[in-house]
Amino acid sequence: MRPSRKALRRAYQGLVLLSVLALAPMTWAWLSSSGHRVTAEGAGWTARVPPAQAALVLGAGLYAGRPSPMLARRLDVAAELYHAGKVRALLLSGDNSRKEYDEPTAMRDYLRDRGVPEAAMVLDYAGFDTWDSCVRARQVFGARSVTVVTQEFHVPRAVTLCRTAGLETFGAGDDSSRRWAGVTYVYAARELFATAKAFADAKVLDADPVFPGPRETSLARALTEPRP
């Protein structure tokens, strides 16, 4: 038996509604971050970045204990911001949930080899996802303004989450599609689901980070260190 025209219309309307609901979080992230992000490519890109207290660098995996290629690019961008005088400190936020896996320390070692002084780097060992990193930057480390550094496809969600967490936020994104097109498109597609979770965490649940404290003073100390 063929479905009636009324049933088909309702099914079509249901699919349209589901599509709108699926795209709503992406629209929220793109609109909320509009005017607050830049692609970290080309000569003079740092001139388009406003000054901030710190660059918030989000972890992106390790290979054999060293930053993955995408994470290394994030760290290169953060080093450029520091050397250009756009930030006074680097807040390195990553996963250290297992003793043998330590993203923040690997990030620090990479940046130290690129001329960033250790006194300017602050390590957040409990940045398990973007929302946790943003909330902890504000509540645990006391940051007020950050330039969040990640890949371009991730910047709208990262900027929006940090702004929702109460941070004055700008985003600098590496255009990874120039180097790793296939992987970038896979990650970009995953943003649809990641942004839906982010919307739920930030706007519906107002979720606490996995480790919400205690308050740390390491960022305040780094901000008072004289630049070399």
Side-chain angles (χ1 to χ4, degrees), residues 13-41 49 52 54-61 68-71 73-75 77-78 91-95 97 103 124 126-140 143 145-212:
Q13 291 171 340
L15 288 173
V16 171
L17 178 60
L18 288 174
S19 299
V20 170
L21 291 175
L23 292 174
M26 291 290 288
T27 304
W28 164 70
W30 275 89
L31 292 179
S32 297
S33 63
S34 178
H36 302 281
R37 58 182 190 257
V38 68
T39 301
E41 295 283 350
V49 179
L56 173 60
V57 190
L58 304 174
S68 67
M70 283 195 177
L71 179 53
R73 277 297 300 145
R74 297 182 189 189
L75 297 168
V77 168
L91 179 53
L92 312 177
S93 184
D95 185 351
S97 57
E103 283 186 338
D124 176 9
F128 299 130
D129 63 18
T130 305
W131 176 240
D132 279 22
S133 294
C134 293
V135 173
R136 283 177 55 83
R138 182 73 181 93
Q139 295 183 0
V140 175
S145 64
V146 299
T147 297
V148 62
V149 180
T150 181
Q151 264 66 49
E152 193 172 33
F153 61 80
H154 182 207
V155 165
R157 174 163 60 98
V159 168
T160 297
L161 286 178
C162 283
R163 287 170 60 82
T164 303
L167 291 161
E168 181 182 338
T169 310
F170 197 84
D174 165 56
D175 183 8
S176 55
S177 66
R178 294 163 60 92
R179 300 171 182 84
W180 312 289
V183 174
T184 295
Y185 296 145
V186 170
Y187 280 124
R190 287 174 53 187
E191 280 297 299
L192 181 66
F193 305 100
T195 305
K197 177 184 181 299
F199 182 85
D201 285 342
K203 304 298 286 185
V204 179
L205 302 174
D206 191 21
D208 288 328
V210 175
F211 292 107

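For the single chain, residues carry numbers from 1 onward in sequence order.
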Practice prompt. Any chance you could measure Arg136, atom CZ, to Cys134, atom SG, to the nearest 0.5 Å?
Written response: 12.0 Å
Worksheet, complete the sentence: Scanning both residues in full, the closest heavy-atom pair of Ser133 with Leu56 reads O-CD2, 4.2 Å
Response to the item:
Those residues at least two apart in sequence (or on a different chain) that pass salt bridge (charged side-chain N to carboxylate O under 4.0 Å, His left out) with Asp174 are Arg73, Arg179
Listing, residues 201-212 side-chain donor-acceptor contacts under 3.5 Å, not counting sequence neighbours, or none:
residue : atom : partner : partner atom : Å
Asp201  : OD2  : Lys197  : NZ           : 2.7

Practice prompt. Applying side chain to side chain contact (heavy atoms under 4.5 Å, CB included), run through Trp180 and Met70 and close with a yes or a no.
Written response: CA-CA 9 Å; Trp180 312 289; Met70 283 195 177; 4.0 Å; yes
Worksheet item: What residues form a salt bridge (charged side-chain N to carboxylate O under 4.0 Å, His left out) with Glu191, not counting sequence neighbours?
Response: Arg157
Worksheet entry | Nearest heavy atoms of Ala52 and Ser145, plus distance in Å | CA-OG, 3.6 Å
Result block: side-chain N/O donor-acceptor pairs under 3.5 angstrom for residues 161-173, not counting sequence neighbours:
residue : atom : partner : partner atom : Å
Thr164  : OG1  : Thr160  : O            : 2.7
Thr169  : OG1  : Leu167  : O            : 3.0

Practice prompt. Compare every heavy atom of Ala55 with every heavy atom of Val149, then report the nearest pair and how far apart it is.
Written response: CG2-CB, 4.2 Å
Worksheet item: Do you know the tightest heavy-atom contact between Gly61 and Leu71?
Response: O-CD2, 3.4 Å
Discussion item. Distance check, rounded to the nearest 0.5 Å: Asp124 atom CG versus Asp132 atom CG?
Written reply: 8.5 Å
Practice prompt. Locate the shortest heavy-atom distance separating Ser177 from Thr184; write the atom from each residue and the value.
Written response: N-OG1, 3.5 Å
Worksheet item: Quick one: are Ser33 and Val155 in side-chain contact, heavy atoms under 4.5 Å?
Response: no
Item to complete: Measure up the Phe199 and Trp28 rings against each other and bin them: parallel (under 30°), tilted (30 to 60°), perpendicular (over 60°).
Response: perpendicular
Worksheet item: Which residues satisfy the side-chain hydrogen bond (donor to acceptor under 3.5 Å, both in side chains) test with Thr150, sequence neighbours excluded?
Response: Arg74, His154
Worksheet entry | Exercise: identify the closest heavy-atom pair between Ala137 and Leu91 | CB-CD2, 3.7 Å
Fill in: For Arg37, all residues meeting salt bridge (charged side-chain N to carboxylate O under 4.0 Å, His left out), sequence neighbours excluded
none
Worksheet item: Under 3.5 Å, is there a donor-acceptor pair between the side chain of Glu103 and the main chain of Ser93?
Response: no
